[in-house]
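Data first, discussion second: the structure below is written as structure tokens.
Here the structure is a predicted model, which is why all the values come from computation and not from measurement.
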Amino acid sequence: MGVRGLQGFVGSTCPHICTVVNFKELAERHRNKHPGGTPTIVVDAMCCLRYWYTPESWICGGQWREYFSALRDFVKTFTAVGIKLVFFFDGTVEQGKRDEWVRRRLKNSREISRVFHYIKSHKEQPGRNMFFIPSGLAIFTRFALKTLGQETLCSLQEADYEVASYGLQNNCLGVLGEDTDYLIYDTCPYFSIGDLCLESLSTVMLCREKLCESLNISLADLPLLACLLGNDIIPEGMFESFRYKCLSSYTSVKENFDKKGNIILAVADHISKVLRLHQGEKKLEEMLPLGPNKALFYKGVASYLLPGQISPWFFQKPKGLITLDKQVVSMNSDPESEQEVPMCTDPESKQGVPVCTDPESKQGVPVCTDPESKQGVLMCTDPESKQGVPVCMDPECKQGVLVCTDPESKQGVPVCTDPESKQGVPICIDQESKQGVPMCTDPESKQGVPMCTDPESKQGVPMCTDPESKQGVPMCIDPESKQGVPICIDPETKQGVPMCIDPESKQGVHSKSKQEVPMCTHTEIKQKLRLGADPEFELEAPMCTDPAVKQQDLMNMEPEVKQVTMVSDPEILKVARAQHVQAESYLVYNIMSSGEIECSNTLEDALDQALPSQAFVYRPVRQRVYSLLLGDGRGGTPNLKSLWLNQEPGIQGRRLDALLGCFDLSSSREELQAVENPFKALCCLLIYLFVQVDTLCLEDLHAFIAQALCLQGKSTVQLADLQLDYIDPRAVQLGSLLVRGLTTLVLVNSACGFPWRMSDFMPWNVFDGKLFHQKYLQAEKGYTVEALVEQNRSRLTKFHTLKSVVCKACVKENRRIISRQLWRSHQPGRWGRQGSGSHRTSSGYSRAGQGQHWRDQGPGNRQYEPDHWRRHSSSSGWSN
């Protein structure tokens, strides 16, 4: 995380930049300085998860009651001294950091393999040096903090940028985290969570001003230093040779400095003594070996610049205009007007050029003489030909626009440069956007018609304006009516095909395709995407532009914000976005905005073939969620506006139908409705798991139900004191599998409009890792049900009720849950991953007549039926 080598450099070479501070004292000073203000610390929650997870046991799936208690103590400690906490969570992984994200996940996979190797060898939990945070910790921490009444936010981009921005704009006491990027951002002070002593409220403050003083650079140089050293955007190897060149020329090497420290000092020295000499005169690519990585490097530097900040390292000379460093060098006579005209020197031709004063900027602007009107016309330099080109003033943006002469009217026509042909193309002004749009001449009317560029042929194509979206749509001329007809690109022939307008959706429909499916093009991956399909299976999905999100200009020094979304309805997007930012939902906005979700690593044994990966087990649920969120009511999926915005009395029932539909459990609705909270959601999850995974047995079901019932009567202290005989690797996987199921329930509940309370599937209410492990080991030893529920009659009654609900629902799906002993006696050797013999479809039963076989995705699973929504839409009574 953060800048490569900087954390170690600070500890070994610049320890003086670290100062021990006390939050109570800092808060008091803040109140004296800002009377009436509340001292606020903005917390990078993702950096704090390891610090917050204090329970001794972490291997069994999580000690959630203990964890919730630790969070409550953390919040209380700061609240007691009058400090407000604002928590930020990562809401997405930016594409520029995707490679780094993947690298970390692969590293985590190797660490998990070592964990399971240790468990099998020692039958105990590894030491804290092999600690791996329990699955779902980040998402459940969000809801825990909200339950504790804390302001909790989820970022729309990388959280560290939003944390730094919030801290700067809200005059916060500081940022609490563990990421050296906070030493680079020019924001409020940075405090270390790793050094925090909660009892005394003291920690270490890392001072970026002292760091700059030690490196002999300025605060504005830090983003450049970070990118040259390597960070989450710039790979460490990109400037490796450059760094060693700096090191070889660095004369202040001291023997007691480590190599990493030397390199940081050498690069900083190069910035201060070499690059700064030409700052503002030369572009970075003229001073650094950026090569093909120029755009990425500029993006990396810009990613550290908060709103309103600029970098002196960005070359700010305006492009396309003759520079007037020596503005008026002489006075010359205009032969036409016989008046004295100011002149400047064109740096390319070294010749004098007349200038006039721009009334907006009050600066001199070069002019040329129009041969038709004999009047002066503003001009700029064409970057391709290096020659002066006439311009006119755009009345909207007050900027110069290139012009050419129309041979028909003999009048100046605005032009832009075609990036493919490098030639001028006439433009007209779009009345909606007030921006220039390329145009061509209609051979029939002899008038200019707006056009766009065909990405396949790279040629101009006439376009018209869609009256609904107000956006340009390619068109062709109907030979019958001689009028323009909108077209779309046929993915088979790569040619334009006329579209007709669907009167229901008001969208263009491919008029020649076998299926009338709306089409559009993903602007980033250049693929044609069809509506309502699944991005996870690399099928096709809809893309459109979110009108609420604008592309940030790099020179405004703010990170790039994605412009493309998967859903076109602005009202639904606005609701999803608000719920995402307020950390009320999970993954819904990610799916609707970018079509991507991330799932971090889970404690799963890659060598154990008896249990499938959680990613494969819950994939059918995710696919149905994709259909729900992206299908726009098509194919029998419920309409999102109805689910989310409707307040009619029966809407909660329809929301529940949608939730059960995602788990393909509509037939068990009545049985589940009869179950009391918080066990209703748990039973839903258990039914789904036991239907999907054939290698789950009756003992597993007993352990899951018994631990949930016994959990209700246990205190945090009792759970912490619980001791296990040994650690079983299969039980470890089952614990993680259930917790991942709870996170999936959060996703589905969010997508369906919250038919159930989120608290019903928060793990501290229904699951405890050590308690489950204890019940699992007891069930394996043959303990009776009475013993599993600790001889409690009330629990015993509830146990049989819950077990009956799960077993009856499974029978409806032709899944009979049997004891492991019975399994072993009837099917010797089948337990464990035996090729296709360990998953449900091997028995000859298949829920769908066709579909992808689960063996291709991971063993132990059922087939997925793609047409689930249509199959159940009539029986479940859904109403759109």
Inset, instruction - For W64 and F767, run ring pair (Phe, Tyr, Trp, His ring centres under 6.0 Å): C-alpha distance rounded to whole Å, both residues' side-chain angles, the deciding distance at 0.1 Å, then the answer. - result: CA-CA 7 Å; W64 296 98; F767 180 79; 8.0 Å; no
Inset, instruction - State whether D725 and K123 are salt-bridged, where the test is any N-O pair (Lys NZ or Arg NE/NH1/NH2 against Asp/Glu carboxylate O) under 4.0 Å. - result: no
Inset, instruction - Identify whether NZ of Lys or CZ of Arg in R105 sits under 6.0 Å from the centre of the six-membered ring of W101 and within 45° of that ring's axis. - result: yes
Legend entry - Pair D608 + K120: basic N to acidic O under 4.0 Å: no
Legend entry - Under 3.5 Å donor-acceptor, T602 side chain and E604 backbone: no
Inset, instruction - Could you tell me whether E790 and K714 have a side-chain N and a carboxylate O separated by less than 4.0 Å? - result: yes
Legend entry - V621: which of T744, D664, L747 passes side chain to side chain contact (heavy atoms under 4.5 Å, CB included): T744
Inset, instruction - Kindly indicate whether the side chain of I651, heavy atoms from C-beta on, has any atom under 4.5 Å from the side chain of W644. - result: no
Inset, instruction - Taking atom types as modelled, find out whether S666 and D657 have a side-chain donor-acceptor pair closer than 3.5 angstrom. - result: no
Legend entry - Distance-only donor-acceptor check, side chains T92 and Y589, under 3.5 Å: no
Inset, instruction - Would you indicate whether H117, at its atom NE2, is surrounded by more than 12 heavy atoms from other residues, nucleotides or ligands within a distance under 6.0 Å? - result: no
Inset, instruction - Answer yes or no: is there a donor N or O on one side and an acceptor on the other, between the side chain of K798 and the main chain of L709, under 3.5 Å? - result: no
Inset, instruction - Verify the ring-centre separation between F663 and W756: is it less than 6.0 angstrom? - result: no
Inset, instruction - Output yes when E648 and R654 qualify as a salt bridge under the 4.0 Å nitrogen-oxygen rule, no when they do not. - result: yes
Legend entry - Sole residue of D700, D605, T695 in side-chain hydrogen bond (donor to acceptor under 3.5 Å, both in side chains) with R730: D700
Inset, instruction - Salt-bridge test for K775 and D768: reply yes if a basic N is under 4.0 Å from a carboxylate O, no otherwise. - result: no
Inset, instruction - Could you tell me whether the side chain of L734 reaches within less than 4.5 Å of the side chain of L696, counting heavy atoms only? - result: yes
Legend entry - Test item: Q707 side-chain N/O and F704 main-chain N/O as donor-acceptor pair under 3.5 Å: yes
Inset, instruction - Please check if any side-chain donor atom of Q652 sits under 3.5 Å from a side-chain acceptor atom of R655, or the reverse. - result: yes
Inset, instruction - Answer whether the closest heavy-atom distance between the side chains of Q614 and S135 falls below 4.5 Å. - result: no
Legend entry - Test item: Q63 and E56 side chains (from C-beta on) under 4.5 Å apart, heavy atoms: no
Legend entry - Main-chain N/O of E671 paired with S668 side-chain donor or acceptor, under 3.5 Å: no
Inset, instruction - Say whether E124 and Y118, considering side chains only, have a donor N or O and an acceptor N or O under 3.5 Å apart. - result: yes
Inset, instruction - State whether the number of non-hydrogen atoms from other residues, nucleotides or ligands found under 6.0 Å of R793 atom CZ is greater than 12. - result: no
Legend entry - Any donor-acceptor N/O pair, T152 side chain to Q150 backbone, under 3.5 Å: yes
Legend entry - Shortest non-hydrogen separation from T147 to F143 and the atoms involved: OG1-O, 2.7 Å
Legend entry - Heavy-atom check, side chain of F679 versus side chain of T801, under 4.5 Å: no
Legend entry - L672 and I687, any side-chain heavy atoms less than 4.5 Å apart: yes
Inset, instruction - Please answer whether the main-chain N or O of H800 pairs with a side-chain N or O of S804 as donor and acceptor at a distance below 3.5 Å. - result: no
Legend entry - Close side-chain approach of R820 to E780, heavy-atom, < 4.5 Å: yes
Inset, instruction - Would you confirm whether S736, through its side chain, and Q733, through its main-chain N or O, come within 3.5 Å as a donor-acceptor pair? - result: no
Inset, instruction - Check whether NZ of the Lys or CZ of the Arg R65 lies under 6.0 Å from the centre of the six-membered ring of F68 and within 45 degrees of that ring's axis. - result: no
Legend entry - Flag side-chain contact, heavy atom, 4.5 Å: H773 against D728: yes
Inset, instruction - Look only at the side chain of Y53 and the backbone of A70, and say whether a donor-acceptor pair between them is shorter than 3.5 Å. - result: no
